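Just so you know, these numbers use all the heavy atoms, side chains as well, and skip hydrogens, waters and symmetry mates. All values reported here derive from a predicted model rather than from experimental measurement.
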Amino acid sequence: MNFPAQEGTLYPLLSKLRRDGLVHHEWRESPSGPPRKYVLLTDAGRRQLAAFREHWDDLTRMIDSVGR
């Protein structure tokens, strides 16, 4: 399982997620200024998020069991 992680700001991470096909962005007009960029999960991104949540839950259960 490959979870993206890197040092730096949010924008390099979003660029990596976009290159990996996990997110895409779209520009939307704003009534109060310039257009805004919205970042959305792709189907692959949703699957990756579900896998991460499952991994996180497993890890949490394991840590909880060790602490008893």
Side-chain angles (χ1 to χ4, degrees):
M1 194 172 316
N2 183 16
F3 300 116
Q6 68 185 47
E7 295 180 22
T9 66
L10 176 63
Y11 297 103
L13 179 57
L14 286 174
S15 292
K16 179 180 180 347
L17 291 172
R18 186 180 51 77
R19 284 191 308 273
D20 291 347
L22 301 175
V23 300
H24 70 93
H25 70 266
E26 58 187 50
W27 290 95
R28 296 183 190 167
E29 292 297 323
S30 170
S32 60
R36 296 179 182 179
K37 185 190 288 189
Y38 288 81
V39 179
L40 304 143
L41 286 173
T42 62
D43 289 340
R46 282 186 205 78
R47 287 190 299 273
Q48 183 79 9
L49 178 58
F52 175 79
R53 285 179 171 159
E54 184 177 324
H55 176 73
W56 186 261
D57 289 343
D58 291 345
L59 182 61
T60 301
R61 279 191 294 277
M62 182 182 68
I63 291 169
D64 286 345
S65 70
V66 169
R68 290 185 186 157

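Listed for the Thr42 side chain is a donor-acceptor partner under 3.5 Å among the backbone atoms of Leu22.
In terms of hydrophobic clustering, with Ile, Leu, Val, Met, Phe, Trp and Tyr side chains grouped at heavy-atom distances under 4.5 Å, Tyr38 and Leu14 are assigned to different clusters. Taken together through direct or relayed side-chain contacts under 4.5 Å among Ile, Leu, Val, Met, Phe, Trp and Tyr, Leu40 and Leu17 form parts of separate hydrophobic clusters. Both Tyr11 and Val39 belong to a single network of hydrophobic side chains, linked directly or stepwise wherever heavy atoms of I, L, V, M, F, W or Y lie under 4.5 Å apart.
With rounding to the nearest 0.5 angstrom, the NE2 atom of His55 is 9.0 Å from the OG1 atom of Thr60.
Looking at Arg19 and Ser15, their side chains come closer than 4.5 Å, going by heavy atoms from C-beta outward. Within the 4.5 Å cutoff, no side-chain heavy atoms of Arg46 are placed close to those of Leu49.
Shown here for Gly21 and Ala44, the closest heavy-atom pair between the two residues is O-CB, 3.8 Å.
Taking Asp57 as the reference, nothing meets the salt bridge (charged side-chain N to carboxylate O under 4.0 Å, His left out) condition, with sequence neighbours excluded. With sequence neighbours left out, Asp64 forms a salt bridge (charged side-chain N to carboxylate O under 4.0 Å, His left out) with no residue at all.
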